[in-house]
K.L.:
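Here's a structure for you.
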Amino acid sequence: MSTNQEFDCVVIGAGVQGSFTAYQLAKHKQKTLLLEQFILPHTRGSSHGQTRIIRKAYDEDFYVNMMDESYELWAQLEREAGVKLYRQTGLLVMGPEKSHYYEQVKNTLQRNKVPMVTLTSDNFNQHIPHVKLTEGNGAVVEVTAGVLYADRALKAVQAQFQKLGGVIRDNEMVMDIKPGPIVTVSTSAGVYRAKRVVITAGPWANRLLAHTGLQLPLEVVKINVCYWKEKVPGSYDVRRRFPCFILTESQESKEHIYGLPSNEYPGLVKICYHTGSKADPDQRDQQTDRSDINILQRCVKHCFPGLIPEPAVVESCLYTLTPDRHFVLDCHPTYSNIVIGAGFSGHGFKFGPIMGKLLCELSLGEVPSYDLSPFRIRRFQAKSKSAL
Ligand SMILES: Cc1cc2nc3c(=O)[nH]c(=O)nc-3n(C[C@H](O)[C@H](O)[C@H](O)COP(=O)(O)OP(=O)(O)OC[C@H]3O[C@@H](n4cnc5c(N)ncnc54)[C@H](O)[C@@H]3O)c2cc1C
Ligand SMILES: O=C(O)[C@@H]1CCCCN1
């Protein structure tokens, strides 16, 4: 393909958000190019890995409402692609009974009539074996939550995008963006012109936005993705209906600790800490701080007696955090034909299908299907530096 072509839309970044956005644009008959700096599939950004949690257990109604449709869109992709992407496991949410966040999650689930079971200290271990419920903690199970097969999902949505006539060019880094009524996108291999551009560059978002004179208050942190060995094989196995879980906070940690049943690596349970240390996305593995792993070890020792409290495998991933941990879904404040999806703050994968739909709507100048006020750039007013 000549590298001097014109498109209706160029999407920059083939993570889960860019891939679903490109897929939605192609569904809307837009001649779309999806650009990715690395050879696909890769493990350098935020969307890689075998599994992610899908849930409605949030403290905000707007996330629960979006998740209603997101589940439907995940099922639609499963049908179109003929692959299984979702496995229901339930989600165990544990947290201090009286803490604001735990109470908010419980109330939001009840208010939105999300199927859930409230456990007590008396019946907890009948439902959830091999886990210790800390004194003073409450526990609810969100029934329809489960596991998304992340790598498989990326492959599926990118394949559907191509089947719809979409073009993916990977191993092609975007080096410059020249805004205008027709945007010029220069890459390591050529120059493209497009009526509209969507920037879904994950941890590299601010690098790209700099070409448009905009910086957002985003912080990139490295996540140590830890897997812990079962003392008795199968104790925490997805086939024994062990659920995903979130421990909202504890003595050891102010941030969530979360995990999934042993699945992708037989006999190993993925348990991570919901933040990490500041990292440069291109130097991720120079960041060697392991204080998060120490927090996880104390939690595993205290709450998961059936696991060896030393990670058997440690992989890594990146979060791009906004100050309020809500996403950025908006048009560029100066160039309305440049749309931004960024700052997914470690919890955006499950929303991929909805993010694709919303970023596509923004790009086409349509009224978004949901109220995007929690996600608009203006909320950072004092913080976003626009040189223009
Ligand atoms: C360990 C971990 C656990 C998580 N758990 C969950 C979970 O259980 N449930 C959930 O819903 N979410 C979860 N998340 C969050 C979720 O994975 C992310 O929010 C989501 O993947 C972000 O996707 P993205 O497309 O914005 O970013 P990315 O996947 O990073 O995609 C951005 C892409 O842009 C490309 N790019 C950047 N710059 C350029 C350029 N100049 N030219 C071309 N391409 C470029 C990058 O190479 C990358 O492929 C987790 C994240 C991590 C790290
Ligand atoms: O988005 C999620 O569901 C997971 C678990 C909770 C912390 C963020 N990542």
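FYI, the numbering just counts along the sequence from 1. If you're wondering where the values come from, they're calculated on a predicted model, not measured in any experiment. Counting starts at 1 for both ligands and their atoms, in listed order.
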K.L.:
Report the residue from F344, F62, F351, Y370 that forms a ring pair (Phe, Tyr, Trp, His ring centres under 6.0 Å) with F375.
P.N.:
F62

K.L.:
Rounded to the nearest 0.5 Å, how far apart are NZ of K56 and CE of M66?
P.N.:
13.0 Å

K.L.:
What protein heavy atom sits nearest atom 34 (O) of ligand 1, and how far off is it?
P.N.:
G13 CA, 3.1 Å

K.L.:
Could you grab the distance from atom CZ of R325 to atom OG1 of T275, nearest 0.5 Å is fine?
P.N.:
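Between R325 CZ and T275 OG1, I get 6.0 Å after rounding to 0.5 Å.
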
K.L.:
Below 4.0 angstrom, N of the basic side chain to O of the carboxylate: do K357 and E69 qualify?
P.N.:
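A salt bridge is present here (some side-chain N lies under 4.0 Å from a carboxylate O).
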
K.L.:
Would E172 and R169 count as a salt bridge (Lys or Arg N to Asp or Glu O under 4.0 Å) if you check the C-alpha gap in whole Å, the side-chain angles of each, and the deciding distance to 0.1 Å?
P.N.:
CA-CA 6 Å; E172 196 161 331; R169 289 184 69 82; 2.7 Å; yes

K.L.:
To check your reading of the model: name the closest protein heavy atom to atom 27 (O) of ligand 1, its residue, and the distance in Å.
P.N.:
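In this structure, atom 27 (O) of ligand 1 has G202 CA, 3.6 Å as its nearest protein heavy atom.
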
K.L.:
I need the nearest protein heavy-atom contact for atom 41 (N) of ligand 1: residue, atom name and distance, please.
P.N.:
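The closest one turns out to be V174 O, 3.2 Å.
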
K.L.:
Within ligand 1, which atoms have a heavy atom of G45 less than 4.0 Å away?
P.N.:
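By the 4.0 Å cutoff, the relevant atoms are 30 (O).
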
K.L.:
Any idea which of R169, M67, Q17 brings a heavy atom closest to atom 25 (O) of ligand 1?
P.N.:
Q17

K.L.:
Working to the nearest 0.5 Å, report the span between NZ of K132 and CG of N125.
P.N.:
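Answer for the NZ-CG pair, K132 versus N125, is 10.0 Å.
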
K.L.:
Side chain to side chain contact (heavy atoms under 4.5 Å, CB included) with Y319: which of H274, E219, K222, H347?
P.N.:
H274

K.L.:
Taking atom types as modelled, find out whether S277 and D289 have a side-chain donor-acceptor pair closer than 3.5 angstrom.
P.N.:
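Short answer, yes.
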
K.L.:
Could you tell me whether ligand 1 has any atom less than 4.0 Å away from a heavy atom of G346?
P.N.:
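Under 4.0 Å: yes for G346.
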
K.L.:
Do R378's NZ or CZ and the ring of F380 fall within the cation-pi criteria of under 6.0 Å and 45°?
P.N.:
no

K.L.:
Does any N or O of ligand 1 fall below 3.5 Å from an N or O anywhere on S345, backbone included?
P.N.:
no

K.L.:
Determine whether the side chain, the backbone, both or neither of F351 has a heavy atom under 4.0 Å from any heavy atom of ligand 1.
P.N.:
neither

K.L.:
Return the residue, atom name and 0.1 Å-rounded distance of the protein heavy atom closest to atom 49 (O) of ligand 1.
P.N.:
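Scanning the protein heavy atoms, the shortest distance from atom 49 (O) of ligand 1 goes to E36 OE1, 2.6 Å.
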
K.L.:
With a 4.0 Å cut-off, would you call D285 and R44 a salt bridge?
P.N.:
no

K.L.:
Near ligand 2, which residues have a heavy atom under 4.0 Å away from one of its atoms?
P.N.:
I53, R55, I246, Y258, H274, G346, H347, K350

K.L.:
Return the CD to CG distance between Q24 and L364, rounded to the nearest 0.5 Å.
P.N.:
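These two atoms lie 10.0 Å from each other.
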
K.L.:
Name the closest protein heavy atom to atom 51 (C) of ligand 1, giving the residue it belongs to and the distance to 0.1 Å.
P.N.:
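So the nearest neighbour among protein heavy atoms is Y319 CE1, 3.4 Å.
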
K.L.:
Please could you name the atoms of ligand 1 that E172 approaches to less than 4.0 Å, counting only its heavy atoms?
P.N.:
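Under 4.0 Å from E172, ligand 1 has these atoms: 43 (C).
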
K.L.:
If you measure from each heavy atom of H347 to ligand 1, is any distance below 4.0 Å?
P.N.:
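Distance cut 4.0 Å: H347 passes for ligand 1.
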
K.L.:
Any atoms of ligand 1 less than 4.0 Å from a non-hydrogen atom of A201? List them with their elements.
P.N.:
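Taking each heavy atom of A201 in turn, ligand 1 has 32 (C), 34 (O), 37 (C), 38 (N) under 4.0 Å.
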
K.L.:
Please could you name the atoms of ligand 1 that I53 approaches to less than 4.0 Å, counting only its heavy atoms?
P.N.:
7 (C), 8 (O), 9 (N), 10 (C), 11 (O)

K.L.:
Which ligand 1 atoms does G15 reach within 4.0 Å, using its non-hydrogen atoms?
P.N.:
25 (O), 29 (O), 31 (O), 33 (C)

K.L.:
State the atoms of ligand 1, each with its element, that fall below the 4.0 Å cut-off from a heavy-atom position in I223.
P.N.:
1 (C)

K.L.:
List the atom of P305, the atom of K231, and the distance in Å for their closest heavy-atom pair.
P.N.:
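Looks like O-NZ, 2.8 Å.
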
K.L.:
On a heavy-atom basis, I'd like to know which of C317, S46, G352 is closest to atom 17 (O) of ligand 1.
P.N.:
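Looking at heavy atoms only, S46 sits closest to atom 17 (O) of ligand 1.
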
K.L.:
For the residue pair Y101 and H256, categorise the inter-ring angle as parallel (less than 30°), tilted (30 to 60°) or perpendicular (more than 60°).
P.N.:
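Correct class here is tilted.
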
K.L.:
Any chain of hydrophobic side-chain contacts (each under 4.5 Å) joining L372 to Y335?
P.N.:
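Shared cluster, no.
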
K.L.:
Is W74 reachable from F327 through a run of hydrophobic residues whose side-chain heavy atoms are each under 4.5 Å from the next?
P.N.:
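Per the 4.5 Å side-chain linkage, F327 and W74 are co-clustered.
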
K.L.:
Which option, P281, S47, A150, owns the non-hydrogen atom nearest atom 23 (O) of ligand 1?
P.N.:
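Ranked by closest heavy atom to atom 23 (O) of ligand 1, first place is S47.
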
K.L.:
May I ask you to list the atoms of ligand 1 that are less than 4.0 angstrom from any heavy atom of T200?
P.N.:
32 (C), 33 (C), 34 (O)

K.L.:
Give the contacting part of V16 toward ligand 1: side chain, backbone, both or neither, where contact means a heavy-atom distance below 4.0 Å.
P.N.:
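Answer for V16: both.
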
K.L.:
Please tell me whether L358 and I340 are part of a single hydrophobic cluster in this structure, the criterion being side-chain heavy atoms less than 4.5 Å apart.
P.N.:
no

K.L.:
Quick one: look at F349 and ligand 1, take heavy-atom pairs under 4.0 Å, and tell me if it's side chain, backbone, both or neither.
P.N.:
both

K.L.:
To the nearest 0.1 Å, how far is atom 19 (O) of ligand 1 from its closest protein heavy atom, and which atom is that?
P.N.:
G348 N, 3.1 Å

K.L.:
Which atoms of ligand 1 sit under 4.0 Å from any heavy atom of F38?
P.N.:
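Atoms satisfying the 4.0 Å criterion: 47 (O).
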
K.L.:
Pick one of side chain, backbone, both or neither for how I54 approaches ligand 1, counting any non-hydrogen atom pair under 4.0 Å.
P.N.:
neither

K.L.:
Can you tell me if H42 has a non-hydrogen atom under 4.0 Å from ligand 1?
P.N.:
yes

K.L.:
Clusters formed by hydrophobic residues whose side-chain heavy atoms approach within less than 4.5 Å: which one holds L119, and what are its other members?
P.N.:
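Under the 4.5 Å side-chain rule, L119 groups with L92, M94, V117, F124, I128, V131, L133, V141, V143, W228, Y236, F242, F245, L247, I257, V269, I271, Y273, I295, L296, V300, F304, L307.
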
K.L.:
One residue to check: R52. Relative to ligand 1, which of side chain, backbone, both or neither has a non-hydrogen atom less than 4.0 Å away?
P.N.:
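Under 4.0 Å from ligand 1, R52 contributes backbone and side-chain atoms.
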
K.L.:
Angle class for the Y86/Y71 ring planes (parallel below 30°, perpendicular above 60°, tilted otherwise)?
P.N.:
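Perpendicular: the ring planes of Y86 and Y71 meet at over 60°.
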
K.L.:
So which protein heavy atom does atom 43 (C) of ligand 1 come closest to, and at what separation?
P.N.:
Q37 N, 3.1 Å

K.L.:
Quick one: look up the protein heavy atom nearest atom 38 (N) of ligand 1 and list residue, atom name and how far away it is.
P.N.:
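Protein heavy atom with the smallest distance to atom 38 (N) of ligand 1: W204 CB, 3.4 Å.
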
